[in-house]
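So the structure is just underneath, and the comments pick up after that.
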Amino acid sequence: MNVKHIIATTFAGSFALCTLAAAGDATPVPPAFVVSQDKAQLGADKAALAREEARLKADERTLDRDRASGRMSAMSRDEDRVYLDRQAIKGEQGAIAHDKPGSLQSKSDTAALARERAQLNADEKTLASDTRSGRMSAMSDDSERVYQDQQAVKAEKKVIRTDRTTLQSDEKK
């Protein structure tokens, strides 16, 4: 056996014994200190809840304003596809209105209009399905932010309940 290996093994063993001995000598923490730490944590979590609720209210106001003004950030990806399909149909109808009746261009535009209507129908079904099932593609960016804020508020409330329980149990000790 190598001398370095023996020394390293001995050193590691003695270090482990010192660590175990030090862990046994841990001084108990006074209950008043634990209670004060619990109260401080509860206060910090209440402040975090207030911030999350303020962010939720701000995002809800933004969603309402964007929806009222027709901004695209208030539209989901599915709603956006339906909107673009409707715009394409309007464009094709305008093109057909300017075409000479019976011309090759008119026939081509009429076929394109049928394709656009089929696409609109498919996208409307997708939107309805995604909305019913609660898929995120049926949510706008603003709605997604509001949803995330609601989840954060819910999580903070759960943390506060846990903090109160911990505080009550520490006060009884």
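Throughout, numbering of the chain's residues begins at 1 and tracks the sequence. What you are looking at is a predicted structure, and each value in this text was computed from that prediction instead of being measured.
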With a cut-off of 3.5 Å and sequence neighbours excluded, list every side-chain donor-acceptor pair involving residues 34-45.
{"unit_1": "Ser36", "atom_1": "OG", "unit_2": "Ala32", "atom_2": "O", "d": "3.4"}
{"unit_1": "Ser36", "atom_1": "OG", "unit_2": "Phe33", "atom_2": "O", "d": "2.7"}
{"unit_1": "Gln41", "atom_1": "NE2", "unit_2": "Asp45", "atom_2": "OD1", "d": "3.1"}
{"unit_1": "Gln41", "atom_1": "NE2", "unit_2": "Asp45", "atom_2": "OD2", "d": "3.3"}

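- In this structure, Ser103 contributes its side chain and Asp99 its backbone to no donor-acceptor pair below 3.5 Å.
- Taking CG of Asp163 as the reference point, atom NZ of Lys46 lies at 9.5 Å (rounded to 0.5 Å).
- Looking at Arg86 and Glu124, a side-chain N of the basic residue comes within less than 4.0 Å of a carboxylate O on the acidic one, giving a salt bridge.
- Two residues are said to be in side-chain contact when any heavy atoms from C-beta on lie closer than 4.5 Å; Leu84 and Asp80 meet this criterion.
- The pair Arg81-Asp78 meets the salt-bridge criterion, with a side-chain N (NZ, NE, NH1 or NH2) lying under 4.0 Å from an Asp/Glu carboxylate O.
- For the atom pair CD of Glu116 and CG of Asp123, the computed distance is 10.0 Å after rounding to the nearest 0.5 Å.
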Checklist entry - Could you walk me through whether Arg145 and Asp142 pass the salt bridge (charged side-chain N to carboxylate O under 4.0 Å, His left out) check? => result CA-CA 5 Å; Arg145 269 189 235 105; Asp142 288 347; 2.8 Å; yes
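- Between Lys57 and Glu60, no side-chain nitrogen of the basic residue sits less than 4.0 Å from a carboxylate oxygen of the acidic one, so the salt-bridge criterion is not met.
- When all heavy atoms of Leu120 and Asp85 are compared, the pair lying nearest together is CA-OD2, 3.5 Å.
- Both Leu127 and Ile89 are assigned to one and the same hydrophobic cluster, defined by single-linkage of ILVMFWY side chains at heavy-atom distances under 4.5 Å.
- The shortest non-hydrogen separation linking Gly102 to Lys107 is O-CE, 3.8 Å.
- Annotation: side chain of Lys157 is not in contact with side chain of Lys154 (no heavy-atom distance under 4.5 Å).
- The CG atom of Leu63 sits 11.0 Å away from the CG atom of Asp149 when rounded to the nearest 0.5 Å.
- Here the OG1 atom belonging to Thr110 is positioned 10.5 Å from the CZ atom belonging to Arg115, to the nearest 0.5 angstrom.
- Looking at Ser129, its side chain never comes within 3.5 Å of a backbone N or O of Lys125 through a donor-acceptor pair.
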Next on the checklist: Show, in sequence, the C-alpha distance, side-chain angles and deciding distance for Val146 and Gln150, and conclude whether the side chain to side chain contact (heavy atoms under 4.5 Å, CB included) test is met.
Outcome noted: CA-CA 6 Å; Val146 168; Gln150 288 170 339; 3.8 Å; yes
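- Side chain of Thr62 to backbone of Ala58: a donor-acceptor contact under 3.5 angstrom is found.
- Interatomic distance, NE2 of His98 versus CD1 of Ile96, reported as 11.5 Å (0.5 Å rounding).
- In this structure, CZ on Arg164 lies 14.5 Å from OG on Ser169, to the nearest 0.5 angstrom.
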